[in-house]
Amino acid sequence: MPELPEVETIKRGLKKAIVGKKIADFDSDWHKAINKPLRQYQRILMGTKILNVDRRAKMLVLTLLNDWRILVHLKMTGQLVFRDKKKCLIGGHSIETNCENLPNKFTHAIFTFADDSHLYFNDVRKFGWVRLYSANELAKVFEKMQLGPEPLTSEFTSGCLTEIMRQRPKARVKQFIMDPKNLVGVGNIYSDEVCFFARVRPDRRVGTLKDKEIKLIHKGIIKILKAAIMAQGTTFSNYVNTDGEAGAFTKQLKVYQRHGKKCYSCKGRIIKMKIGGRTSSFCPKCQK
DNA sequence: TTCAATGTTTAGAC
DNA sequence: GGTCTAAACATTGA
């Protein structure tokens, strides 16, 4: 389930695994997963090296020696798997939790490195993509996305959040924090958790929030994202020739997908509600 | 058979 | 322009 903590976890794992590696081949079986003809991908990628792996919002950015950039978005059901002779790293959606059968029918892009290790991009629903851009193109692409601040940087202060909130007073809290134009990285899981942390109903209008509540939302976003990164996300598994281990944050979820169950805090029932087309779970007693 | 699922964009209505 | 909803992408699984 790639939200910011999952993508950050993948970034860290991948950084150790592929930086410095030389690309020997690239393949894709789904034209919509890539943004240029396959031949062009191969021409540009073959022989170059991975210089760095970064994250922007929920995207991964691979910087290449020849100054091209690869942008990867896993969307809802994407997964990245790195495999060499000794180890296997899986990040993102839990499609495959073992590395035996790769590529599989969900594999839509494959990077082959010169040492014969591989990076597989798998996606059940085919919403995700792997794009290739020059440094200039990438800058323009980012500009067009109009992304809000990264919540885990010093730029994201509670004053900064208050400022952005002022521009959308009618928006509902959950939708507001999930919109990447306001701030990036928070999706359906963590937005429910942040609302619970701040004791605010997800359908509250941003304009009705008190200063105290805004501060709690700000604190909650940072605290929950950090905790989820510590736990390696909600579905990450990372293992070396042994059993896979699910992302540990699942155990810390307070409300997400817990509708019908008892609130850990007041023992009342968690209810659910559709907000902006997405299911939101919250405790009507604890959250006002 | 129907519904919901981790993300994001876009079209149309008011 | 703001804000709402539904739909689009494509597939699985309950």
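None of the values given here were measured: they were computed from a predicted structure.
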C:dG13, OP1 or OP2 - any side-chain N/O from A:Arg125 closer than 4.0 Å? no
Of all the choices, C:dT12, C:dT3, C:dC4, which nucleotide is nearest to the side chain of A:Pro169 once you look at every atom? C:dT3
Distance alone, cut at 3.5 Å: any donor-acceptor contact between the side chains of A:Gln40 and A:Arg43? no
Please check the phosphate of B:dG7 (OP1 and OP2 only) for any side-chain N or O of A:His73 closer than 4.0 Å. no
DNA chain B: A:Pro180 or A:Gly277, which has the more 5' nearest nucleotide? A:Gly277
Phosphate-side-chain proximity, A:Lys181 and B:dT8, N/O vs OP1/OP2 below 4.0 Å: no
When we call it a touch if two heavy atoms are under 4.0 Å apart, what does A:Trp30 touch: a base, just sugar-phosphate, or nothing? sugar-phosphate
Scan A:Lys274 against the nucleic acid and name what it touches under 4.0 Å (heavy atoms): base, sugar-phosphate only, or nothing. sugar-phosphate
Nucleotide of B:dA4, C:dT3, C:dT5 approaching A:Arg172 most closely (side-chain heavy atoms): C:dT5
In whole Å, what is the span from the CG atom of A:Asp179 to the P atom of C:dC4? 12 Å
Separation of atom NZ in A:Lys32 from atom C1' in C:dA10, rounded to whole Å: 9 Å
Same-atom distance (P) from B:dT8 to C:dG1, integer angstrom: 24 Å
Between B:dA5 and C:dC4 - C1' atom distance, rounded Å: 22 Å
Would you call A:Lys11 and A:Asp54 a salt bridge, taking side-chain N to carboxylate O under 4.0 Å as the test? no
Would you indicate which nucleotide in C:dC4, C:dC9, C:dT3 comes nearest to any side-chain atom of A:Phe127? C:dC9
Within this structure, what is the CZ-to-P distance between A:Arg278 and B:dT9, rounded to whole angstrom? 13 Å
Here the distance between atom P of C:dC4 and atom CZ of A:Arg168, to the nearest Å, is 11 Å
For atom CD of A:Gln79 and atom C1' of C:dT11, their distance in whole Å: 15 Å
Rounded to whole Å, please give me the gap between CZ in A:Phe106 and C1' in C:dG13. 11 Å
For DNA chain C, just give me the dot-bracket, please: Watson-Crick or G-U, both distances below 3.5 Å, ( ) intra-strand, [ ] crossing earlier pairs, | paired with another strand, . unpaired. .||||||||.||||
Under 4.0 angstrom, heavy atoms only, what part of the nucleic acid is A:Gln257 near: base, sugar-phosphate, or nothing? sugar-phosphate
A:Phe121 and A:Ser28: side chain to side chain contact (heavy atoms under 4.5 Å, CB included), yes or no, with the steps? CA-CA 9 Å; A:Phe121 169 81; A:Ser28 172; over 6 Å; no
Could you tell me whether the phosphate oxygens of C:dC4, OP1 or OP2, come under 4.0 Å of any side-chain nitrogen or oxygen in A:Arg205? yes
With a cut-off of under 6.0 Å to the ring centre and 45° to the axis, is A:Arg258 in cation-pi contact with A:Tyr264? yes
Is the distance from OP1 or OP2 of C:dC4 to the nearest side-chain N or O of A:Lys170 less than 4.0 Å? no
So the ring pair (Phe, Tyr, Trp, His ring centres under 6.0 Å) pairs with at least one residue in residues 38-81 of chain A (sequence neighbours excluded) are A:Phe26-A:Tyr41, A:His73-A:Trp129
N/O (side chain, A:Thr77) to phosphate O (OP1/OP2, C:dT11) under 4.0 Å: no
Using a cut-off of 4.0 Å on non-hydrogen atoms, how would the nucleic acid contact of A:Lys144 be classed: base, sugar-phosphate, or nothing? nothing
Kindly say if A:Lys75 contacts the phosphate of C:dC9, meaning a side-chain N or O under 4.0 Å from OP1 or OP2. no
How long is the line joining CD of A:Gln146 and P of B:dT10, in whole Å? 11 Å
A:His108 and A:Asp29: CA distance, side-chain angles, deciding distance, side-chain hydrogen bond (donor to acceptor under 3.5 Å, both in side chains) verdict: CA-CA 5 Å; A:His108 302 301; A:Asp29 71 334; 3.0 Å; yes
Of the nucleotides B:dA4, B:dT8, C:dT12, which one has an atom closest to the side chain of A:Thr279? B:dA4
In terms of side-chain heavy atoms of A:Lys126, which of B:dT8, C:dA10, C:dT12 is nearest? C:dA10
Distance in Å, A:Asp123 CG paired with A:Thr77 OG1, rounded so as to fall on 0.5 Å steps: 4.0 Å
Take the protein atom CD1 of A:Ile177 and the nucleotide atom C1' of B:dT8, then report the distance between them rounded to whole Å. 17 Å
Indicate the atoms forming the closest heavy-atom contact of A:Val184 with A:Leu4, along with that distance. O-CD1, 4.2 Å
If you measure from CD1 on A:Ile224 to CZ on A:Phe197, what distance do you get to the nearest 0.5 Å? 6.5 Å
